[in-house]
Amino acid sequence: MKNKKILAMIIGVIVALVIGIVLFYHWGISAPSSQDEEVIVQIEQGSNASTILNTLDEAGLVNNKLCGKIFLKLNSYDHLQANTYIFNKNMSLSKIYSIMNDPDSKYILQSKLTIKEGNTIPQVAEAFAKILGVSTDEVIKQWEDKDYLNSLINEYWFIDKSILNNQLMYPLEGYLYPETYFVTGDEPNLKDMTKLALDMMDKKLTPYKEDIEKMGWSVHEFLSFVSVVERESLFDKDRPEIAGVFMNRLKKGEKLQSDITVNYALQRTGVNVSIKQTQVDSPYNTYRYAGLPIGAISTVSEKTIKDCINYSHHDYFFFFAKEDGTVIYSKTYGEHKKAVKENKWY
């Protein structure tokens, strides 16, 4: 009887050990993450399954390298192809090797699109045009097509009929999220590439949906506000303060008087604006018209979105940036005039 108990215990230990090894193996070759996180991996010509495993491990796509080696012993991949792939951390080792063994164009990097923070639609359209091999005007024309815009209104919660306003300079200004996007597919097209930027904006805005509603603005109005703060702020630390200045002005019914909005209305760059330029008759000109500009004036980043929601509460109504970017805040116009006189550099 005693020997049977010992034997049963030994068998139990062996079974538990086998189960543990099997579970460890399956964990080792499973996806490293449940989150959606793209990873660019370049597989060089002449790479074999083993050297590719090293590359994948360095890219953070392998849970356990030993398990990966066992996986390769148990499976045969004879047609692994060199390419620059877009993998994801939610992919298992089996999925990744299957893609390389029989490549699908949707996982192969064709080109890279970069939309920068604070860029305007013409600048963004230029980046799209270079990849597509078309003119900037063709891109903008598509982004102004009413049928296309209506389809976006139906698809995205944060886009409403505000973008159909004929006074807008560019309907999608402020809606395309600034990020580096990796374009796949045999023939990238404008609508698919635009969807990448809009999907990312959806992802970035959704966590702040209730916060925006509490501010009493539509998303269109909120993005207009955020874009002004984006363009007016040189350093991250100043954004909540500058947002607070503009919020104080709005609450008191004063004009924002943002030079950046004047420059946007004139479609020019630079810092300085003349008194004559501040009188330009444009719904973007916050010197001439009270409240927010009619639409956004640039792309906006998540950090600026967050800073505008969590704007600083203070008593400042004016600010002036020195040549080194340092911002001087003032409570009264008299203090502001003095700060400008003492520090003006342009």
Side-chain angles (χ1 to χ4, degrees), residues 115-128 136 139-140 142-144 148-149 152-153 155-179 194-206 208-209 211-213 215-234 239 242-243 245-247 249-250 255-269 280 282-309 311:
I115 302 175
K116 296 181 180 178
E117 297 171 5
N119 271 188
T120 60
I121 280 292
Q123 293 170 311
V124 175
E126 185 178 357
F128 276 75
T136 300
V139 175
I140 292 176
Q142 173 66 64
W143 289 344
E144 292 176 341
Y148 176 60
L149 295 176
L152 297 181
I153 292 170
E155 184 174 358
Y156 295 98
W157 70 267
F158 57 92
I159 302 179
D160 61 28
K161 290 186 177 181
S162 299
I163 66 170
L164 300 178
N165 191 324
N166 290 327
Q167 289 186 294
L168 287 174
M169 202 164 288
Y170 302 106
L172 293 183
E173 188 76 87
Y175 287 92
L176 304 177
Y177 192 79
E179 183 67 270
T194 303
K195 182 173 172 56
L196 290 174
L198 289 174
D199 285 350
M200 184 60 73
M201 178 59 84
D202 190 356
K203 182 178 179 181
K204 298 295 184 180
L205 272 180
T206 296
Y208 305 103
K209 187 175 183 179
D211 295 304
I212 296 170
E213 290 173 352
M215 295 178 80
W217 284 335
S218 67
V219 176
H220 186 81
E221 291 170 324
F222 177 69
L223 292 178
S224 299
F225 179 76
V226 177
S227 68
V228 173
V229 176
E230 182 84 54
R231 292 294 298 275
E232 287 279 10
S233 310
L234 183 61
R239 289 194 177 95
I242 290 175
V245 170
F246 286 134
M247 193 61 74
R249 286 178 160 271
L250 289 170
K255 294 173 182 176
L256 293 184
Q257 294 187 326
S258 165
D259 291 353
I260 296 298
T261 63
V262 175
N263 283 329
Y264 186 82
L266 296 169
Q267 286 294 282
R268 63 188 292 269
T269 57
V280 62
S282 167
Y284 288 96
N285 182 2
T286 57
Y287 272 89
R288 183 157 183 161
Y289 296 100
L292 296 166
I294 192 172
I297 60 173
S298 74
T299 60
V300 300
S301 62
E302 184 180 14
K303 59 179 177 288
T304 309
I305 289 171
K306 189 182 298 184
D307 287 340
C308 286
I309 289 172
Y311 65 89

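The basis for the numbers below is simple: all heavy atoms, side chains too, and nothing from hydrogens, waters or symmetry mates.
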Do Val219 and Met201 pass the side chain to side chain contact (heavy atoms under 4.5 Å, CB included) test, and can you show the C-alpha distance, the side-chain angles, and the key distance before you say yes or no?
-> CA-CA 12 Å; Val219 176; Met201 178 59 84; over 6 Å; no
For Ile212 and Leu205, run side chain to side chain contact (heavy atoms under 4.5 Å, CB included): C-alpha distance rounded to whole Å, both residues' side-chain angles, the deciding distance at 0.1 Å, then the answer.
-> CA-CA 9 Å; Ile212 296 170; Leu205 272 180; 3.9 Å; yes
List the steps, then state whether side chain to side chain contact (heavy atoms under 4.5 Å, CB included) holds for Met215 with Ile309.
-> CA-CA 8 Å; Met215 295 178 80; Ile309 289 172; 4.2 Å; yes
For side chain to side chain contact (heavy atoms under 4.5 Å, CB included), just list the numbers for Ile159 and Leu149, CA-CA rounded to whole Å, side-chain angles, deciding distance to a tenth of an Å, and then say yes or no.
-> CA-CA 9 Å; Ile159 302 179; Leu149 295 176; over 6 Å; no
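Distance check: Glu117 CD to Arg231 CZ gives 12.0 Å after rounding to the nearest 0.5 Å. Taking OG1 of Thr261 as the reference point, atom NZ of Lys255 lies at 11.5 Å (rounded to 0.5 Å). Atom CD1 of Ile115 and atom OG of Ser301 lie 13.0 Å apart (nearest 0.5 Å). The OH atom of Tyr284 sits 8.0 Å away from atom OG of Ser224, with the distance rounded to the nearest 0.5 Å. Interatomic distance, CD of Glu144 versus CD of Gln142, reported as 10.5 Å (0.5 Å rounding). The structure places OH of Tyr264 at 3.5 Å from CD of Glu173, a figure rounded to the nearest 0.5 Å.
Taking the side chain as every heavy atom from C-beta outward, Val228 and Thr286 never approach each other to under 4.5 Å. Side-chain contact between Leu164 and Ile153: present, with at least one pair of heavy atoms (C-beta onward) separated by less than 4.5 Å. Two residues are said to be in side-chain contact when any heavy atoms from C-beta on lie closer than 4.5 Å; Val245 and Tyr311 fail this criterion. Counting heavy atoms from C-beta outward, Phe158 and Tyr175 have side chains that approach closer than 4.5 Å. A 4.5 Å side-chain heavy-atom check between Ile121 and Leu176 finds at least one atom pair inside the cut-off. In this structure, the side chains of Val300 and Leu223 come closer than 4.5 Å at one or more pairs of heavy atoms. Residues Val229 and Asp307 form no side-chain contact, since every pair of their non-hydrogen atoms from C-beta on lies 4.5 Å or further apart.
Here the closest heavy-atom approach between residue Thr136 and residue Pro122 is recorded as CG2-O, 3.8 Å. Among all heavy-atom pairs drawn from Phe246 and Ser258, the shortest one is CZ-CB, 4.2 Å. Here the closest heavy-atom approach between residue His220 and residue Gly295 is recorded as NE2-CA, 3.7 Å. In terms of heavy-atom proximity, Lys116 sits nearest to Thr299 at O-OG1, 2.8 Å. Nearest heavy-atom pair, Asp259 versus Glu232, reported as atom, atom and distance to 0.1 Å: N-OE2, 3.6 Å. The shortest heavy-atom contact between Ile140 and Ala125 is CG1-CB, 3.7 Å.
Under 3.5 Å, the side chains of Trp157 and Thr206 contain a donor-acceptor pair of N or O atoms. In summary, the side chains of Thr304 and Glu230 do present a donor paired with an acceptor at a separation below 3.5 Å, with no hydrogens or angles considered. Counted by atom type alone, Asp199 and Tyr177 present zero donor-acceptor pairs between their side chains at under 3.5 Å.
Counting heavy-atom neighbours within 6.0 Å of Lys306 NZ, excluding the residue itself, gives a total of 12 or less. Within 6.0 Å of NZ on Lys303 lie more than 12 heavy atoms contributed by other residues, nucleotides or ligands.
Of the options Phe128, Tyr148, Tyr170, a ring pair (Phe, Tyr, Trp, His ring centres under 6.0 Å) to Trp143 is made by Phe128 and by none of the others.
At distances below 3.5 Å, not a single donor-acceptor pair connects side-chain atoms of Asn119 with backbone N or O atoms of Val124.
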